[in-house]
Number of protein chains: 2
Amino acid sequence: MSLGLIFALLCAIVALGHGLTLVSWVLVQPRGNERMQQVAKTIWAGASAYLHRQYLTVTVVGLLMMAGLSHWFGVETGIGFLIGALLSGAAGYLGMQISVRANLRTAEAARKGVEPALQVALRGGAITGLLVIGLALLGVVGYYMILVPHDAGDIQGQMRALHALLGLAFGGSLSSIFARLGGGIFSKSADVGAAIVGKVEVDLREDDQRNPVAIADMIGDQVGDCAGMAADLFETYVLTLVASMLLGGLLLGDDGANAIVYPLLLGGISVLASAVGVFFVKIEPDDSRIMTALYKGTTASGVLAFIFFVPVTWMYLPATFTLQEVNAELSRWGVLGAAAVGLGLTGLMTVISEYYTGIDYAPVRSIAKASSTGHATNVIAGLGVSMRATAAPALVICVAIWAAHEMAGVYGIAIAATTMLSMTGIILALNSFGPIADSAAGIAEMAEMGDPVRAVTASLDAVGNSTKAMTKGFAIGSAGLVALVLFADFTYSLAAEGRRLSFTLDDPVVLIGLFIGGLVPYLFSAMALEAVGRTAAGLVEHMQAPDASRLVERLSTATIKEMLIPSLLPVAVPLAIGFGMQWLIGGDAGALALGGLLIGTIITGLFVALSMTLGGGAWDNAKQYIEAGHIGGKGGDAHAAAVTGDSVGDPYKDTAGSAVNPVIKLINIVALLMVPLL
Amino acid sequence: MSLGLIFALLCAIVALGHGLTLVSWVLVQPRGNERMQQVAKTIWAGASAYLHRQYLTVTVVGLLMMAGLSHWFGVETGIGFLIGALLSGAAGYLGMQISVRANLRTAEAARKGVEPALQVALRGGAITGLLVIGLALLGVVGYYMILVPHDAGDIQGQMRALHALLGLAFGGSLSSIFARLGGGIFSKSADVGAAIVGKVEVDLREDDQRNPVAIADMIGDQVGDCAGMAADLFETYVLTLVASMLLGGLLLGDDGANAIVYPLLLGGISVLASAVGVFFVKIEPDDSRIMTALYKGTTASGVLAFIFFVPVTWMYLPATFTLQEVNAELSRWGVLGAAAVGLGLTGLMTVISEYYTGIDYAPVRSIAKASSTGHATNVIAGLGVSMRATAAPALVICVAIWAAHEMAGVYGIAIAATTMLSMTGIILALNSFGPIADSAAGIAEMAEMGDPVRAVTASLDAVGNSTKAMTKGFAIGSAGLVALVLFADFTYSLAAEGRRLSFTLDDPVVLIGLFIGGLVPYLFSAMALEAVGRTAAGLVEHMQAPDASRLVERLSTATIKEMLIPSLLPVAVPLAIGFGMQWLIGGDAGALALGGLLIGTIITGLFVALSMTLGGGAWDNAKQYIEAGHIGGKGGDAHAAAVTGDSVGDPYKDTAGSAVNPVIKLINIVALLMVPLL
């Protein structure tokens, strides 16, 4: 048993332990009065009821998949799938359970000011971050230790183990796409429905408790932003680790054993650094912006992690080693440089996301200004911002690809992806802060806690919108790198089976793959948007029965029905293209088309996801900006237009846009699993 | 002098001659009363004034470009650029001049019923179709004959001539992007402005003559839909011919001389077939749908053209011949099969476009239905339809790529693109029918010609919306094929210079090219949407001075200012990437990144353009559907939401979406021109 693995396992356990101590800290905070607890309980009950139904559906689909995987790829892969699906589900469930408890306590702490409320919300978020990443690391390291009980050297056995881990990633991804999409449809149908109803019945405020759609909306936030995002980042994190381990094994030959474990060590260090980073988030009396405080925490985590990357790299990697297949010579310095690229990319994506979605910058204000001339100009401006917002992230990702590749070849891209994702702990903490703050604001509103409290929770809520957008920018940016690593895994897995294929742009089969791959994010997003549109319209039509529990019931049923087909799209398409083209053309056509499919999906997927998530965030905060009293303020014509924009942006960012991330990766995993069958 | 060239030249002259006889037919039709003429004159004066300013700007930019091209690539290329730019400008100008005369006569003919009005509008459209294609063919064949005055055999001299023709295509494309984007910004800013003003001042109908923005809107239709579309299709047509000729020369070695001329023959036959096809458009008493009549015309043109393709293919191509570079054996049958694929693709793209934008089908009705729950659900539904509408076209294009490649390799793709574009004559005729009908409806409204006349013009207008959407689907679908031909030209031009590069998906330089290429359509569309948003908002703010001529003046200035930077984006990006990567990395990096850029642009460009043009058409007709009395009819809440959707869809389809088409091709031409410099 390698020491490195034991170290990574210990890190996971420490993170979980620390998360649990934070749980007890949050739970002892005051819970507020009866009325607040009543609202919180309603939210909890609704979210739990929906999640139980969702998990039931996932279980049925999952058991079928598991049986298939066990049959074609062996029981180890099937069990891996089960572990991944269960842990992803647990991550989402835990995220929601913690959030619904922290929101109440955040609202109560807001009576004492911004700083106490921030601390409760932040620690609530940190719990989710630590538990999700702890579980992920525990799952990967633990299952790997079970699969490879004896020491290194046996590279064949390790490769078999990595394929079983691919099953684990598959389980996590499938579970995650259901959570993301289901949560997105549920939450945004409620949100859009609430906005429409709020507009139709002008007397009802969006968060008015007499408005049952408002309750459904708040339940949806837990289900989508907490459970959905936790499952999503669980999946991204697990998959990145597995993809990097696999690439190390495929490329590094005799040095492979250590290269396989190396990403786990980076992960272990980073989860501890994230735990420490949370303590760096403090608002000094002269801080005008909460975001600055949050940046401090992220920066601290990154710097701390990098400091410890150095000794681990020196202990675990030889001074120089050779990438087989590509025949490139790497050094420890190069790998460390690639690690720095990943951390730098995290920082840049965060800053760019904040610029495009932050209330203080030009993009959001341009949408707010356009609202003054009506609904249409608001929507046109929002679409313009959403498309323009893709430019800087895409360029930054290109620079990162180039830099990481210069320093350590394709393995460098894998390491950059790993260190980028190693920041998931702190990023998820900041993200989970978002729905807690959002929900606290809702409770403050519904329980009529008075204006001073509502001012505090509203300011936290606005920051939460930015952190949520940041997380999505981070997640999709990382997906860009991870997809390239997975593509490398795909090509080198084929090479390992003796099929060295050249995926060239002038091959019509590859081109067809590229076009169909490019289509998937479009078709998937269309399905997601239409699902929200249909469900929200159905909700509004049935508003005559203003009973929250029946509404949630109806919404749950509609959501489960709508989420199934789009969720299975990224599983069905690679199967159809791979086997279809193989059958139609023969030769290597199946594999070539699949290769094109993978790259085509990431190209359009990156732009679709970036434009939707950043554009949606900008629309959201343009409304907030107007509600803060600008351009006519709440209730004016500009506000009505901004509400329309926000309602469009909501499914854009939270249903379609953020679910494209798991779509890209699911397609890649399915393609990787198909390699031995082609 | 080859007989084939003389034949093609004669076809061009016959088409032009036939176009001129139609002009005289249209001009003798009754022009209606004083009031109608007044409205038409205002439109004509405004459109002319704007176009003069636009051409002035293009002239300045064009002369600079021409000087640069002459310097780097020789005077022949510079002169080619000038010819292309002039002819493209002439095509747009003619299209507008004919349209503003035909619209008045269509409105007058509508007094006698649908069939007479249809015939005037259709022949007006046919004039544009014939003149534009006649000019294009005349330009390409004529300049080629001047450049290669002596007979074949001298393949070197022919290749030099083809590079000069690339200059001609470049001139046409650059002129076209200005026309497309300028026309789009002008027309849609006016359109969006009119919708907003119409909504704000509820008493004013959209086409009310007291509303100066309504006048600007009608001027914009001429500038955008007539002049812009004519210039766009001129460019597409010329470029396809040149790209196919170039590929024939690059790949067919000793058989090259005939292969170079062969696409011109297909073009010559087709322009005559289009002229005949127009006569097949007749409404039988039992026809319930005008679209059926239009389909008859298109089908007749296609079938007729194909019948004559057979002897030309047998006369011009050897029984079998070899594609050098790829070393594939082709037959006449294969080439003819590829020709059929191109025609089939035209038919399929037409039908698919009609399904997604036609008033009788589910997509448009789903948007109309979603309007009943408000602005936001309308926009969400429209975005959903727009993204879903990309699926069928993309799949059909993939099938066409595969089929054409199976039958005649990469040359087959070129031939399929050529025959697809050979239908431009009849398609442009149907397209130009759209703005004529649109404008006739406006005149009928403003000149208060009474309800029966307005019913006739409104029904033609609704059909015009579908034909305009069809044309855009056709144009962007063909761009998918043409871009692949241009990519092949690019790689084989490099190979001809002794640089046989492999553009593989695991090369980070190619990947960076793909991502940056993918970014261009997004960034360009963002700029276009924001330009319309800004200009429309500016227009609404200055509505206090309700003087049509000052408004048009203001609009013209704003448009010219907004169109310059985005129009130059597709010229600047390939230069920056090609030379930048070359300088940064060296080796073949510049060429590899450029190759990635070309494919990246077509992948996202195809989806961006399809979703915007089809989605925009669907939004437009959803409004028409409600105005026809469904879901509350005109003036209801659903109608207000549908107006918002239409206002969003207008710049989506007519400014951003349709300008992506020339963007894709401009990038390809610039890359091709860069080959000797890299």
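Scope of the values below: all heavy atoms of this structure, side chains included, with no hydrogens, waters or symmetry mates. Everything numeric in this text was worked out from a predicted model, so none of it was measured. Quick note on labels: first sequence line is chain A, next is B, and so on, each numbered from 1.
Contact annotation for Met581(B): neither backbone nor side-chain heavy atoms come within less than 4.5 Å of a heavy atom of chain A. Only the side chain of Tyr652(B) has a heavy atom closer than 4.5 Å to any heavy atom of chain A. Using a 4.5 Å cut-off between heavy atoms, Ala391(B) touches chain A through backbone and side chain atoms alike. Heavy-atom distances place both the backbone and the side chain of Leu505(B) under 4.5 Å from chain A. Contact annotation for Leu606(B): only side-chain heavy atoms (C-beta onward) come within less than 4.5 Å of a heavy atom of chain A. Residue Thr377(B) touches chain A through its side chain alone, counting heavy-atom pairs closer than 4.5 Å. With a 4.5 angstrom heavy-atom cutoff, Leu484(B) touches chain A only via side-chain atoms. Only the side chain of Phe487(B) comes within less than 4.5 Å of a heavy atom in chain A; its backbone stays farther off. The contact between Val648(B) and chain A is made by backbone and side chain atoms together, counting heavy-atom distances below 4.5 Å.
Applying the side chain to side chain donor-acceptor pair (under 3.5 Å) criterion to Ser372(A), with sequence neighbours excluded, gives no partner residue.
Taking 4.5 Å as the heavy-atom cut-off, the residues of residues 405-413 of chain B that approach chain A are His405(B), ordered by number.
Ring planes of His375(A) and His375(B): parallel class, angle under 30° (limits at 30 and 60°).
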